[in-house]
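Please read the structure below before turning to the comments.
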Amino acid sequence: MTRASHRGVLAAWLREVGVEYLLRPTRVPVPGPGGETLEEIRAELAGCRGCPLCAGRSTIVFGVGNPRARLMFVGEGPGVDEDRQGEPFVGAAGKRLNQWIGRIGLRREDVYIANIVKCRPPDNRVPFPDEAKACLPYLMRQIRAIRPEAICTLGGTALSHLLGIEERITRVRGKWQELGGIPVLPTYHPAYILRNAGREPEVFEDFDILARRLSPRPPG
Ligand code: SF4
């Protein structure tokens, strides 16, 4: 099959399954079902002083990845490396997360990664409830713009702020929850797994559950 005819088959398949927007160039910001693009949200957030965390940040860590991601990850907040580089999950925990993503046949560029708060809490403490409350509307808008097929929360803090679930992560992990019609699967934070390697097989189970939930990838 020539490259042109292969593209034609792929285009027909994407139309058939109702995702023809994937044919558009990805660099063009396409409005999501929420009616706004990630770039519009990012622009609005520039220089945000919505909570006290703005005082200690080097940069706002907005989020990274595919604006049409089928799978989205939500962590807690930027650490020192993320604050410096402006990208979530870039340190050792980020490397571990990338490995988990790779286990289910995806790349970091295929998914979208964001945090509950976009500025680094001092001394890597967990975000205070009022900080999370101030920042959460931006995350919700990101979720609406991306409209992923599934969300995976990483750690108890993301779970409690995104879904209001205060149960221990050990009890809730691997059990589907829901946010505005989007299935949400909690699992452990990779930083926790770096300190508790014996729990990593549970994360593998959770990622298998995630993989089963995602729609099949287009052929080719
Ligand atoms: S954490 Fe969120 S709400 Fe607070 S200053 Fe940063 S971007 Fe604004």
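Every number for a ligand or one of its atoms is a count from 1 in the order of the listing. Hydrogens, waters and symmetry mates play no part in the numbers below; they use all other heavy atoms, side chains included. Nothing fancy with the numbering, it's 1 onward along the sequence.
- Of all protein heavy atoms, the one lying nearest to atom 2 (Fe) of ligand 1 is C135 SG, 2.3 Å.
- Remark: the backbone N or O of G79 is not paired with any side-chain donor or acceptor of D83 at under 3.5 angstrom.
- The protein non-hydrogen atom at the shortest distance from atom 8 (Fe) of ligand 1 is C48 SG, 2.3 Å.
- For the pair E131 (side chain) and F128 (backbone), a donor-acceptor distance under 3.5 Å is present.
- Remark: the backbone N or O of A114 is not paired with any side-chain donor or acceptor of K118 at under 3.5 angstrom.
- Heavy-atom contacts of G50 reach the following atoms of ligand 1: 5 (S), 8 (Fe) (cutoff under 4.0 Å).
- A side-chain donor from one of N124 and R120 sits under 3.5 Å from a side-chain acceptor of the other.
- A salt bridge between D130 and K133 is absent, with no side-chain N of the basic residue lying under 4.0 Å from a carboxylate O of the acidic one.
- Checked for salt-bridge contact, E40 and R141 miss the test: no charged N lies under 4.0 Å from a carboxylate O.
- The closest protein non-hydrogen atom to atom 4 (Fe) of ligand 1 is C51 SG, 2.4 Å.
- Distance check for C54 against atom 4 (Fe) of ligand 1: none of its N/O/S atoms falls below 2.8 Å.
- With a heavy-atom cut-off of 4.0 Å, R57 touches ligand 1 through its side chain alone.
- At the shortest separation from atom 6 (Fe) of ligand 1 among protein heavy atoms lies C119 SG, 2.3 Å.
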